[in-house]
Amino acid sequence: MNPDQLADQLYAIVTGVVDRRRAANGTTESQPLIARDDIRLDRPRNRDHGDWASNVAMRLAKPLGANPRELAEEIALEAARLDGVAAAEVAGPGFINFRLDAAAAGALAKTIVDAGETYGQNVTLAGATINLEFVSANPTGPLHIGHTRWAALGDSIARVLKASGASLASEYYINDAGSQMELFGTSVLAAAKGEPTPEGGYPGQYIADLATAVLERVPGLLSLPDDEALSVAGEQAYELQLAEIRQALKDFNVEFDVWFSERSLHKPDPQTGESLVDAAVGRLRAQGHVFDEDGAVWVRTTDFGDDKDRVIRRSNGVYTYFASDAAYYLNKTDRGFQHKIYLLGADHHGYVHRLRALAGAAGDDPDRDIEVLIGQLVSINGAKLSKRAGNIIELTDLQTWLGTDALRYSLGRSPADSPLTLDPELLRSHSNDNPVYYVQYAHARTRSVARNAETAGVTRSAFAPELLTHESESALLGALQEFPRIVALAAELREPHRIARYIEEVAGLYHKWYDTCRVIPLGDEPISDLHRTRLWLNDATGQVIRNGLALLGVSAPDRM
RNA sequence: GCCCCCAUAGCUCAGGGGAUAGAGCGUCUGCCUCCGGAGCAGAAGGCCGAAGGUUCGAAUCCUUCUGGGGGCACCA
């Protein structure tokens with residue numbers, strides 16, 4: 001008996017009650033008052049309120065002209081007779097509180113163990129084709145704390161979307177074209193020559209380090225003609241920097257399905273001589289949203305809610321960044337992705353309107369085909385960090401300080417739009433304060449119990465779920481039951497932090513259970529089916545925590 | 001000026017219209033001869049920024065205001 005099954009049966013009862021009430025009232029109205037999806041069972045906060053609660057009576061009271069408590073009584077009377085339901089009671093203003101049979105609730109432990117890594121997976125997004133783009137930092141410097149948050153969040157979003165059945169590609173868009181790249185090359189070349197950073201160029205020790213590495217790879221760099229030296233220095237530094245970024249993300253358990261180069265959008269097709277950007281502008285023009293003015297080419301993004309029209313090709317003939325965006329967007333569609341998700345920092349929120357306008361100008365539905373998630377910036381001790389300012393705190397530095405698990409977890413347990421302040425002193429000195437240890441410890445404990453059980457001769461040779469009657473057992477089972485719904489919700493809302501909060505709750509309930517319910521008999525006490533059944537519950541809990549941590553890209557150690 | 005985000009315990013933060021608003025850290029009191037005390041039990045600590053509104057019911061939805069953060073380009 002899971003909440004979905006209970007809701008199905010509750011729905012049948014409710015429609016029956018509604019029909020009877022209407023008949024009694026002589027109403028001819030036959031429109032259903034409530035849909036199946038409107039029946040939602042909640043876990044009451046207070047355990048005295050049972051395993052599951054429904055507010056359906058309060059919602060129907062007004063349209064039926066009935067007293068909510070009386071209506072609830074009528075529904076509860078029938079619901080109490082359902083198989084697997086131990087009790088259905090009316091409480092408060094008209095809640096119906098359900099208590100499940102221990103056997104019906106406990107069966108879940110075996111279900112989870114049998115499902116293993118697949119427990120939590122669901123099909124709520126089956127059939128969806130989603131392209132998720134995140135990080136996409138310019139390859140002109142190391143990843144810093146800001147990118148780190150999007151890396152953690154984006155990767156976890158990708159994982160929950162996949163776990164919910166979506167057909168998904170996660171992508172890193174490499175901004176390897178344009179003036180920032182030139183500036184980067186200029187900066188590295190200047191460093192190689194021992195000259196000061198050019199005006200507006202990139203400062204920072206990493207530029208000097210890159211220059212040194214480039215000189216190692218190309219010893220004759222400085223004797224090349226200036227243009228060539230600039231080009232070689234820029235390309236070499238770009239390769240080195242991009243490789244470093246890829247490695248840093250890999251070490252951070254962040255995997256991208258596609259690394260997409262902006263340059264590829266500008267490359268002319270050998271047959272037609274036309275680049276994807278050329279083609280994109282042509283396609284937008286064909287849709288009727290492009291116009292020429294002052295020698296430049298514009299997209300009428302104001303037709304789609306932007307506050308001003310945007311130049312796509314400057315009067316000097318050079319495409320703007322917006323042109324690349326357009327080509328990239330269309331390319332995603334061409335590759336079969338209907339739904340395009342962008343994860344951007346709050347400092348880029350000005351792009352939201354024009355990206356949405358882009359979808360509209362391309363003939364897509366901005367409300368359906370494009371989704372821009374705006375994340376708030378992470379600050380450290382109130383200081384904001386910028387690669388231009390040179391006071392970079394790199395991803396790799398943070399990993400060294402905190403460890404990958406703690407860092408991913410602390411970034412992943414808050415919603416993207418929540419401002420986050422990390423205190424490096426605190427994190428460095430008290431890394432045990434991080435809730436990740438609480439969760440990981442619970443997991444390690446489940447493994448330890450399993451190891452000890454084996455030694456003690458307690459095995460999963462029997463399963464008697466009706467014995468799982470302790471209060472802490474029904475609380476734990478109820479929470480474990482929720483996991484697939486939590487994963488589906490995290491995917492639907494693009495909020496993977498819900499996974500973290502959830503496994504923290506599971507960890508807490510597990511610790512409470514552990515404290516009162518022994519898997520291994522005390523002293524000379526014989527091994528019973530209760531112990532064996534508890535081992536199933538122990539292992540099921542470990543599995544759920546492990547699956548949850550995996551969605552967050554955090555390890556689940558067997559020992560700590 | 002216009003736009004976006006935020007405001008909940010001392011601190012960092014959760015809380016999809018539901019019952020007595022939660023967690024971690026910090027403070028205080030208990031609990032290890034037996035499955036890991038990185039834990040558990042309990043205490044203290046809140047006009048959920050303010051005021052209106054919608055609702056049977058609002059921390060949650062709407063409006064206004066206040067206070068913080070971020071953004072406006074023929075830059076990338």
Side-chain angles (χ1 to χ4, degrees), chain A residues 40 42 44-46 48-49 53 55 58-59 61-62 68 91-95 97 138 140 175 177-183 200 262 293-298 307-308 310-316 318-322 324 345-353 374-377 379 382 384 410 413-423 426 430 432-442 444-453 455-456 458 489 492-493 495 497-498 500-501 504-505 507-508 510-523 525 531 534-535 538 559-560:
Chain A
R40 231 189 61 225
D42 296 305
R45 190 165 308 206
N46 186 335
D48 293 339
H49 295 145
N55 63 357
M58 288 181 287
R59 297 184 49 159
K62 194 165 191 181
F95 290 101
N97 293 332
N138 287 357
T140 54
N175 299 128
S179 62
Q180 290 302 312
M181 284 302 291
E182 285 176 34
L183 211 50
E262 182 186 356
E293 194 174 291
D294 301 333
V297 182
W298 300 67
D307 50 356
K308 61 187 74 166
R310 304 291 168 177
V311 170
I312 195 164
R313 196 171 131 183
R314 291 193 281 268
S315 50
N316 64 8
V318 177
Y319 284 116
T320 63
Y321 194 75
F322 187 54
S324 305
D347 54 340
H348 286 69
H349 97 264
Y351 300 139
V352 174
H353 279 306
I374 295 297
Q376 294 300 301
L377 302 176
S379 56
K384 285 165 288 294
S410 57
R413 72 189 290 268
S414 290
D417 56 7
S418 162
L420 201 54
T421 306
L422 297 181
D423 182 343
L426 184 73
H430 296 103
N432 278 14
D433 292 350
N434 196 297
V436 71
Y437 294 103
Y438 182 77
V439 175
Q440 287 185 321
Y441 178 68
R445 197 175 230 184
T446 65
R447 305 300 287 169
S448 169
V449 167
R451 285 191 300 269
N452 294 333
T455 307
V458 178
L489 184 65
E492 180 197 336
L493 301 178
E495 292 184 347
H497 76 277
R498 289 171 184 277
R501 302 294 170 162
E504 285 170 32
E505 185 195 340
Y510 175 76
H511 285 312
K512 288 191 215 312
W513 173 71
Y514 171 91
D515 237 46
T516 49
C517 296
R518 292 189 56 93
V519 172
I520 297 163
L522 265 178
E525 196 186 335
H531 299 115
R534 280 178 174 165
L535 181 57
N538 177 79
R559 291 186 171 82
M560 293 176 70

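These numbers come from the heavy atoms of this one structure, side chains and all, not from hydrogens, waters or symmetry mates. Labels below follow one simple rule: chain letters A, B, ... track the order of the sequence lines, proteins then strands, and each chain is numbered from 1. Because the structure is a prediction, the values reported are computed rather than measured.
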At 4.0 Å (heavy atoms only), tell me whether [X] reaches a base, stays on the sugar-phosphate, or touches nothing.
| X | result |
| --- | --- |
| Leu522(A) | base |
| His511(A) | sugar-phosphate |
| Ala296(A) | base |
| Arg501(A) | sugar-phosphate |
| Ser414(A) | sugar-phosphate |
| Ser418(A) | sugar-phosphate |
| Ala456(A) | nothing |

*Value in whole Å for how far the P atom of G24(B) lies from NE2 of His497(A)*: 17 Å
*Report the distance from atom NE2 of His348(A) to atom P of A73(B), rounded to the nearest whole Å.*
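Rounding to the nearest Å, NE2 of His348(A) and P of A73(B) are 13 Å apart.
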*Residue whose nearest RNA chain B nucleotide is more 5′ - Cys517(A) or Asp42(A)*: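 Mapping each residue to its closest nucleotide by heavy atoms, the 5'-most match is Asp42(A).
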*Residue met sooner reading RNA chain B from 5', once Val449(A) and Arg40(A) are mapped to nucleotides*: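 Counting from the 5' end, the first nearest nucleotide belongs to Arg40(A).
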*May I ask whether Phe95(A) stacks on the base of A19(B), given the cut-offs of 5.5 Å between ring centres and 30° between planes?*
yes
*Test for a donor-acceptor pair under 3.5 Å between the base of G71(B) and the side chain of His349(A), counting only N and O atoms.*
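Check fails, no donor-acceptor contact within cut-off.
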*asked:* Determine whether a donor-acceptor pair (one donor, one acceptor, N or O, separation below 3.5 Å) exists between the side chain of Asp347(A) and the base of G70(B).
replied: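 Such a pair does not exist between side chain and base.
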*Search all heavy atoms of Met181(A) against all heavy atoms of Thr140(A) and return the closest pair with its distance.*
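Residues Met181(A) and Thr140(A), closest heavy atoms: SD-CG2, 3.8 Å.
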_For Ala296(A) against Ser315(A), the heavy-atom pair lying closest together_ =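 Scanning both residues completely, I find the closest heavy atoms to be CB-N, 3.8 Å.
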For a quick test of reading the model: is some side-chain N or O of [X] closer than 4.0 Å to OP1 or OP2 of [N]?
| X | N | result |
| --- | --- | --- |
| Arg310(A) | A73(B) | yes |
| Arg314(A) | A73(B) | no |
| Asn538(A) | C35(B) | no |
| Tyr514(A) | C32(B) | no |
| Arg447(A) | G36(B) | no |

*Is the closest side-chain donor-acceptor distance between Glu262(A) and Ser324(A) under 3.5 Å?*
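On atom types as modelled, these side chains qualify, holding a pair under 3.5 Å.
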*Considering every strand shown, what is the Watson-Crick or G-U wobble mate of A7(B) when both distances are under 3.5 Å?*
U66(B)
